[in-house]
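One structure is given below, encoded as structure tokens.
Please read all numbers here as calculations on a predicted model, not as lab measurements. Labels below follow one simple rule: chain letters A, B, ... track the order of the sequence lines, proteins then strands, and each chain is numbered from 1.
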There are 2 protein chains.
Amino acid sequence: MQKFRSTCPIASALDLLGDKWSLLIIRDLAFMGKRTYSEFLASEEKISTNILADRLGWLEENGMVSSQQDASNKKKYNYHLTEKGLDLLPLLLEIIIWSDKHLPEHIAEQAKFFALQIKEDKAGVLAYWRAQLSQ
Amino acid sequence: MQKFRSTCPIASALDLLGDKWSLLIIRDLAFMGKRTYSEFLASEEKISTNILADRLGWLEENGMVSSQQDASNKKKYNYHLTEKGLDLLPLLLEIIIWSDKHLPEHIAEQAKFFALQIKEDKAGVLAYWRAQLSQ
DNA sequence: ACAATTAACTTGCATAATGCAAGTAATTTT
DNA sequence: AAAATTACTTGCATTATGCAAGTTAATTGT
């Protein structure tokens, strides 16, 4: 029933984001330009429809994501990262650096290129994506 | 059956660490000076014994943690972060910064102080803990 | 205008992950 | 030698996730 297990910042972040899907939705919003339910659904990891609906609701309830009805198509909802969601970018970049270093045989070439850019200029990459995603 | 859902670095890291407990064990090893099963068990989040045994095995199998029998007490096993585990420190620091900023009413005072230090000198904090934990 | 399609879900049920309480086995301490 | 410690395992309950099908409202195609 309680949302948080403790007052530890790491445990608390995990209570909000520590499942197999939430950060992938954040990734899709951050780096893949995805905005809608059906776009998230089409990601290669193949999230199920009920879990996606549940996670979008959870992320919105907890202020990491916001949604608004599409202006030109009333049945579409566009999701965006809030400031709280955008502030997960540094964390995502660190994950990419870690996976690039420790799972090199496994990850995609494209990801390695991204990791290289991050290692060369983390602040620059961060600024670029923040600008991209703001507004 | 498959370990990884995709070749995405974020999805892959989540496949290894994306549960409610693994990163807390890493935290205990990194910042709390904990080394043994019963010390992890005593953490305030109250992990169950079977889950703890399972996660320690998983983290060791996947090279993030190593264990060795205690020299002076044969029934004790001391766990340590490997290089792969140590390289999660930057990620942990980013999580702390995020929680400090976005869950301020929830996290402990002590964590806020730690977050402040990280914000003032991230590289320094990182270097300090790496030195602390190496060897 | 009407039928087909799209978009965003919900529902019901199966499987897998987690949680809880108790038990075990090998030391180590008293 | 008995009691306590340490690191687990086992069995079962609960919760989370996964899968397939169905629903509702809006939109597009003819």
Side-chain angles (χ1 to χ4, degrees), chain A residues 1-6 11-12 14-26 28-29 32-62 65-80, chain B residues 1-6 11-12 14-26 28-29 32-62 65-80:
Chain A
M1 284 292 146
Q2 282 233 98
K3 182 143 74 182
F4 296 113
R5 287 172 286 183
S6 71
S12 302
L14 287 172
D15 287 333
L16 295 178
L17 297 162
D19 69 278
K20 297 255 177 217
W21 295 108
S22 294
L23 278 183
L24 293 189
I25 296 172
I26 306 283
D28 283 349
L29 286 166
M32 314 295 276
K34 299 194 175 186
R35 293 288 171 267
T36 65
Y37 184 93
S38 43
E39 286 171 339
F40 303 135
L41 204 59
S43 291
E44 63 171 334
E45 290 88 5
K46 306 251 164 287
I47 190 172
S48 339
T49 55
N50 55 342
I51 306 292
L52 176 56
D54 181 80
R55 283 320 111 88
L56 284 171
W58 171 258
L59 290 173
E60 195 166 10
E61 272 172 39
N62 286 283
V65 149
S66 67
S67 72
Q68 54 189 97
Q69 213 171 31
D70 192 285
S72 63
N73 185 336
K74 287 174 66 177
K75 71 173 187 266
K76 246 172 144 169
Y77 293 87
N78 291 299
Y79 290 87
H80 285 272
Chain B
M1 285 289 147
Q2 284 233 99
K3 182 143 74 182
F4 296 113
R5 286 170 287 182
S6 72
S12 302
L14 288 172
D15 287 333
L16 294 178
L17 297 162
D19 69 277
K20 297 254 180 219
W21 296 107
S22 294
L23 278 183
L24 292 190
I25 296 172
I26 306 283
D28 283 350
L29 285 165
M32 313 295 276
K34 299 195 177 187
R35 292 291 171 264
T36 66
Y37 184 93
S38 44
E39 286 172 340
F40 303 133
L41 205 59
S43 291
E44 63 171 332
E45 290 86 7
K46 305 254 165 283
I47 189 171
S48 345
T49 56
N50 55 342
I51 305 292
L52 176 57
D54 180 81
R55 285 318 113 89
L56 284 171
W58 170 258
L59 290 173
E60 194 166 9
E61 273 171 40
N62 286 284
V65 148
S66 68
S67 72
Q68 54 189 97
Q69 211 170 33
D70 191 284
S72 63
N73 185 334
K74 287 174 64 175
K75 71 174 186 262
K76 245 172 145 170
Y77 293 88
N78 291 301
Y79 291 87
H80 286 272

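- Looking at the side chain of A:Trp21, the nearest of the listed nucleotides D:dA7, D:dT17, D:dG18 is D:dG18.
- One finds the CD1 atom of A:Ile26 at 12.0 Å from the CZ atom of A:Arg55 (value rounded to the nearest 0.5 Å).
- Contact check of residues 42-54 of chain A against DNA chain D (heavy atom, cut-off under 4.0 Å) returns A:Ser48, A:Thr49, A:Asn50, A:Ile51.
- Distance CG/B:Leu52 to CG/B:Leu41: 6.0 Å, rounded to 0.5 Å.
- Along DNA chain C, read 5' to 3', the first and last nucleotides having any atom under 4.0 Å from a heavy atom of chain B are C:dT18 to C:dT28.
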Next on the checklist: Please encode protein proximity along nucleotides 24-30 of chain D as a string of B, S and -, counting only heavy-atom distances under 4.0 Å.
Outcome noted: -BBS---
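- Per the geometry, CG belonging to B:Leu41 stands 14 Å off C1' belonging to D:dT9, to the nearest Å.
- Although no hydrogens or angles enter the test, the distance criterion places no donor-acceptor pair under 3.5 Å between the side chain of B:Lys20 and the main chain of A:Asp19.
- Atoms CG and CG, on B:Leu59 and B:Asp54 in that order, are 9.5 Å from each other to the nearest 0.5 Å.
- When atom types are taken as modelled, the side chain of B:Trp58 and the backbone of B:Leu16 share a donor-acceptor pair closer than 3.5 angstrom.
- With rounding to whole Å, A:Leu24 atom CG is found 13 Å from D:dT17 atom P.
- Taking atom CD of residue B:Glu39 and atom P of nucleotide D:dA7, one finds them 8 Å apart after rounding to whole Å.
- Atom CG of B:Leu56 is separated from atom P of D:dT6 by 16 Å (rounded to the nearest Å).
- Per the geometry, CG belonging to B:Asn78 stands 12 Å off C1' belonging to D:dT6, to the nearest Å.
- Using a 4.0 Å heavy-atom distance criterion, B:Phe40 is classed as making no nucleic acid contact.
- Shown here for B:Glu39 and B:Gly33, the closest heavy-atom pair between the two residues is OE1-O, 4.3 Å.
- Here the CG-OG distance, from B:Leu14 to B:Ser22, works out to 11.0 Å after rounding to the nearest 0.5 Å.
- Distance, B:Lys34 NZ to D:dT6 P: 14 Å, rounded to whole Å.
- At least one donor-acceptor pair closer than 3.5 Å links the side chain of B:Tyr37 to the backbone N or O of B:Thr49.
- To the nearest 0.5 Å, atoms CZ (B:Phe40) and CZ (B:Arg35) are separated by 7.5 Å.
- Nearest heavy atoms, A:Ser12 versus A:Phe4: O-CE2, 3.5 Å.
- Across every non-hydrogen atom of A:Glu45 and B:Arg5, the tightest pair is CG-CB, 3.9 Å.
- Each of A:Arg5 and A:Tyr77 was matched to the nucleotide of DNA chain C holding its nearest heavy atom; the match closer to the 5' end belongs to A:Tyr77.
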